[in-house]
Amino acid sequence: MDFKGKIALVTGSSRGIGKATIIELASKGCNVIINYVNGEKEAEELKKYVNNKFNIDVMVIKADVSNEEEVKEMIDKIITKFNKIDILVNNAGIAIDNGFHEKTIDEFKKVLDVNLIGTYLVSKYVSVQMLKQKYGKIINVSSTNGINTNYPYSIDYDASKAGVISLTRNLALQLAPYINVNCVAPGWVNTEMNEELDENYIKEENKKILLNRFADPEEIAKVIAFLASDDASYVNNAVIRVDGGY
């Protein structure tokens, strides 16, 4: 895979799967935009690492993907600097896990706003540029929780990730034939989001996974990079589970 000269925006990329995706794309020659909302220190450290290790251009932008004005400003900054956007990875996501009856409407809405509305907003404004170019790759990060590994404590997260899959289908139809829109649905991944899981719970979950372990973020990033590449030129409207055989 050769991404030389390509421009990629990865939302929520100061840590976890997003960070791994930035590094994976940069290692293949892609110019990258690191987006964050809270992790300024991590984003700047990642920028420094990528700058030192790879011969590419990197940009850092703070923007809340659930805020339409901030999204528009972010896209304008990218177009002003690079004149194009070839790849969008909608990775930004949050989870607020608590009991079904304890969960508040504000918590539920916040999760939907970031995970689902954010994916819609960034895709909406990036795709305008991609359609002008008659070229683009959009990869949405959903979850197996959006398919069939439901978890009552994350009922809002599960609903948002199911929505991302539905959104992927509609975007693929809306943006054809110039833009490939695909989705990855990871299972358990060793990220900050899962650091506080109970040790016994992790052991029980590992027993359900054919590979007997959680994924590393880099393993998800490699699948995202494939979908972002021209090697996947005929892959469209697909949802790829990356869950170790859960």
Side-chain angles (χ1 to χ4, degrees), residues 3-19 21-26 28-51 54-94 110 112-141 164 167-168 170-172 174-183 224-225 227-229:
F3 289 95
K4 191 173 181 181
K6 295 287 176 67
I7 310 298
L9 165 62
V10 183
T11 65
S13 50
S14 63
R15 57 174 72 95
I17 293 171
K19 175 182 177 180
T21 301
I22 287 285
I23 293 170
E24 180 67 23
L25 293 173
K28 301 291 191 295
C30 192
N31 300 303
V32 293
I33 297 95
I34 302 164
N35 160 252
Y36 75 97
V37 68
N38 292 317
E40 181 177 8
K41 180 183 175 185
E42 294 91 340
E44 291 297 338
E45 286 175 350
L46 178 57
K47 177 184 178 181
K48 185 177 179 182
Y49 173 82
V50 169
N51 265 334
F54 310 113
N55 184 29
I56 55 101
D57 204 345
V58 57
M59 187 177 187
V60 174
I61 303 179
K62 178 180 180 179
D64 179 352
V65 297
S66 67
N67 183 306
E68 187 166 14
E69 288 308 311
E70 291 187 23
V71 169
K72 287 163 71 174
E73 286 176 17
M74 173 171 66
I75 305 311
D76 286 345
K77 286 177 184 176
I78 296 167
I79 300 304
T80 298
K81 180 175 174 63
F82 294 108
N83 296 312
K84 64 173 185 169
I85 302 176
D86 301 298
I87 298 159
L88 166 62
V89 180
N90 283 306
N91 169 75
I94 61 169
K110 182 171 174 124
L112 288 179
D113 281 346
V114 175
N115 297 3
L116 182 56
I117 302 301
T119 298
Y120 160 72
L121 281 176
V122 183
S123 298
K124 176 181 177 179
Y125 288 103
V126 169
S127 64
V128 171
Q129 177 61 32
M130 288 180 169
L131 287 170
K132 288 179 184 176
Q133 302 162 188
K134 295 188 176 181
Y135 177 89
K137 306 275 189 168
I138 297 177
I139 300 93
N140 297 325
V141 180
V164 167
L167 185 62
T168 299
N170 279 289
L171 287 173
Q174 178 70 35
L175 303 176
Y178 301 114
I179 302 171
N180 297 59
V181 187
N182 292 295
C183 182
I224 293 172
L227 291 172
S229 76

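If you're wondering where the values come from, they're calculated on a predicted model, not measured in any experiment.
Among residues two or more places apart in sequence or in another chain, the side chain to side chain donor-acceptor pair (under 3.5 Å) test is passed with Y120 by none. Partners of K28 under the side chain to side chain donor-acceptor pair (under 3.5 Å) rule, at least two apart in sequence or in another chain, are E24. For S14, there are no side chain to side chain donor-acceptor pair (under 3.5 Å) partners, not counting sequence neighbours. Applying the salt bridge (Lys or Arg N to Asp or Glu O under 4.0 Å) rule to K19 yields no partners; only residues at least two apart in sequence or on another chain are considered. Scanning for salt bridge (Lys or Arg N to Asp or Glu O under 4.0 Å) contacts around E73 gives an empty result, with sequence neighbours left out. Among residues two or more places apart in sequence or in another chain, the side-chain contact (heavy atoms from CB on, under 4.5 Å) test is passed with K48 by N52. In terms of the side-chain contact (heavy atoms from CB on, under 4.5 Å) criterion, residue partners of D64 (sequence neighbours excluded) are, by chain and number, V37, S66, N67, E70. Qualifying salt bridge (Lys or Arg N to Asp or Glu O under 4.0 Å) partners for K72, counting only residues two or more places apart in sequence or in other chains: E69. Residues passing the side-chain contact (heavy atoms from CB on, under 4.5 Å) test with I117, sequence neighbours excluded: D113, L121. Scanning for side chain to side chain donor-acceptor pair (under 3.5 Å) contacts around N115 gives S160, with sequence neighbours left out. Partners of I56 under the side-chain contact (heavy atoms from CB on, under 4.5 Å) rule, at least two apart in sequence or in another chain, are A26, N31, V32, V50, F54, V58.
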> Taking it one step at a time, do S229 and F3 satisfy side chain to side chain contact (heavy atoms under 4.5 Å, CB included)?
Replying inline: CA-CA 7 Å; S229 76; F3 289 95; 3.5 Å; yes

> Stepwise, does the side chain to side chain donor-acceptor pair (under 3.5 Å) test hold for T119 with N140?
Replying inline: CA-CA 7 Å; T119 298; N140 297 325; 5.2 Å; no

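Note that CD1 of I179 is 9.5 Å distant from CD of Q174, once rounded to the nearest 0.5 Å.
In this model, no donor atom of one side chain and acceptor atom of the other lie less than 3.5 Å apart for T21 and N91. Residues K6 and Y135 have side chains that bring a donor and an acceptor to within less than 3.5 angstrom of each other. No side-chain donor from either of Q133 and Y178 sits under 3.5 Å from a side-chain acceptor of the other.
Applying the salt bridge (charged side-chain N to carboxylate O under 4.0 Å, His left out) rule to pairs touching residues 75-86 yields D57-K81, K84-D86, sequence neighbours excluded.
Between L46 and I23, the closest heavy-atom pair is CD1-CG1, 3.8 Å. Closest heavy-atom contact between G93 and V114: CA-CG1, 4.0 Å. The heavy-atom pair separating I79 from Q129 by the smallest distance is CD1-CG, 3.4 Å. Closest heavy-atom contact between A63 and M74: CB-SD, 3.9 Å.
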